[in-house]
Protein chains: 2
Amino acid sequence: MARWQPNAGERLERAALELFGERGYDATAVTEIAARAGLTKSTFFRHYADKREVLFGGDDRLAEQFGAAIRQAPPDASPLACLGAALRACEATFPMDRHDLAPLRYAVIAAHPELHERQLLKRARLAAIVTEALRERGVDDTTARLAAQMGILAFSTAASRWSTVDNRRPFADIAAEVLDELRTRATELGAGTAG
Amino acid sequence: MARWQPNAGERLERAALELFGERGYDATAVTEIAARAGLTKSTFFRHYADKREVLFGGDDRLAEQFGAAIRQAPPDASPLACLGAALRACEATFPMDRHDLAPLRYAVIAAHPELHERQLLKRARLAAIVTEALRERGVDDTTARLAAQMGILAFSTAASRWSTVDNRRPFADIAAEVLDELRTRATELGAGTAG
């Protein structure tokens with residue numbers, strides 16, 4: 001088999017998610033993923049460190065994109081505008097031509113407590129990165145933490161809506177809409193009495 | 001040794017936190033904790049399932065208190081008023097007569113990645129409980145999620161401020177102050193442009 005394979009990463013991802021769904025995550029071996037994709041085990045390991053990375057491999061790049069977008073936002077951009085920039089920067093993580101894989105990924109993670117914990121921890125780390133990037137812009141600590149939580153909430157809500165089977169809208173559109181919804185809710189919460 | 005020991009739980013907690021700080025969490029055995037407290041290993045296991053429970057044992061009760069306070073708030077209470085009630089309900093988790101243990105606990109968890117992850121997961125679960133309790137009151141999903149994140153942020157910020165060595169103020173006072181601060185920040189964030 002030739003060393004170079006077109007779209008090997010994507011073929012492996014698709015094969016892995018199908019197998020996780022059919023047999024369960026724990027019962028699926030890397031050899032089986034490679035075989036289903038028509039590739040070798042060593043090709044798998046050139047693309048992913050292990051089968052868990054098929055699910056979470058994009059998260060580190062995502063965290064970098066989030067941080068970079070906030071640091072590169074115009075000096076006068078509000079915290080909310082920075083969140084908007086961060087959400088637009090992660091558009092590439094949600095490719096329409098692989099949209100059919102999204103519900104599979106969601107189902108695998110939801111069915112497996114350890115993977116679900118891994119996802120919660122990844123989001124907590126993303127919140128820490130957003131908080132730090134906002135603080136570096138001179139945003140006060142409390143605002144930075146609250147804005148980071150709004151950003152993560154916007155991201156996870158938008159990702160969840162984008163991933164529904166019937167969705168055809170690009171991630172950036174959904175994310176902008178969700179962020180605006182959160183902005184309205186923040187105003188309403190702020191206006192409530194703390195009684 | 002008599003089966004009943006006055007304040008055994010508190011003595012074991014103090015001994016454990018001291019030893020975790022002196023020798024590290026991993027290097028401390030339950031036998032040593034019991035010996036330092038002047039108690040037996042079996043007394044330890046009547047109070048805690050394992051040494052990790054010394055650090056996190058109060059969290060399940062805390063989650064129950066949070067949920068109950070939100071469910072029992074007056075029907076017309078705003079989401080923010082519900083958060084205020086939840087924060088007041090967990091006052092007993094922060095006893096002034098054991099305040100000196102708080103910085104020890106923080107240091108142990110901060111120094112140990114696995115314990116730190118455990119704490120992040122406990123907070124994510126607390127957020128899920130608050131979200132669900134607010135939804136049960138008829139609060140819309142987006143507001144419930146955002147309010148829950150504000151509540152967890154208020155809780156963790158207040159817990160951190162309460163736990164500083166020099167603090168002498170009760171938790172409820174600090175928590176009310178932090179929640180009010182978050183309310184102001186939420187209003188400001190809501191007023192910002194999403195650019």
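Just so it is clear, the model here is predicted, and its values are computed rather than measured. All chains are named by letter (A, B, ...) in the order of the sequence lines, taking the proteins before the strands, and each is independently numbered beginning at 1.
- Contact of Arg123(A) with chain B is not made at all, since no heavy-atom distance falls under 4.5 Å.
- In this structure Asp100(A) satisfies the side chain to side chain donor-acceptor pair (under 3.5 Å) test together with Arg14(A), sequence neighbours excluded.
- Counting heavy atoms of neighbouring residues, nucleotides and ligands inside a 6.0 Å radius, atom CD of Glu132(A) exceeds 12 of them.
- Using a 4.5 Å cut-off between non-hydrogen atoms, the part of residues 133-161 of chain A that approaches chain B consists of Asp140(A), Thr142(A), Thr143(A), Arg145(A), Leu146(A), Ala147(A), Gln149(A), Met150(A), Leu153(A), Arg161(A).
- Without hydrogens or angle criteria, His99(B) side chain to Arg169(B) main chain gives no donor-acceptor distance under 3.5 Å.
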Atom pairs and distances, side-chain donor-acceptor, residues 15-37 of chain A, under 3.5 Å, sequence neighbours left out:
from     : atom 1 : to        : atom 2 : distance (Å)
Glu18(A) : OE1    : Arg36(A)  : NH1    : 3.1
Glu22(A) : OE1    : Arg36(A)  : NH2    : 2.7
Glu22(A) : OE2    : Arg36(A)  : NH1    : 3.1
Arg23(A) : NH1    : Glu32(A)  : OE2    : 2.4
Tyr25(A) : OH     : Arg52(A)  : N      : 3.3
Asp26(A) : OD1    : His112(A) : NE2    : 3.1
Asp26(A) : OD2    : His112(A) : NE2    : 3.2
Thr28(A) : OG1    : Leu19(A)  : O      : 3.4
Thr28(A) : OG1    : Gly24(A)  : O      : 2.8
Glu32(A) : OE1    : Ala29(A)  : N      : 2.7

Which side-chain N or O atoms in residues 89-97 of chain A pair as donor and acceptor under 3.5 Å with protein atoms at least two apart or in another chain?
from     : atom 1 : to        : atom 2 : distance (Å)
Glu91(A) : OE1    : Ala172(A) : N      : 2.7
Thr93(A) : OG1    : Cys90(A)  : O      : 3.3

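- Between Glu188(B) and Arg185(B) there is a salt bridge, since a side-chain N of the basic residue sits under 4.0 Å from a carboxylate O of the acidic one.
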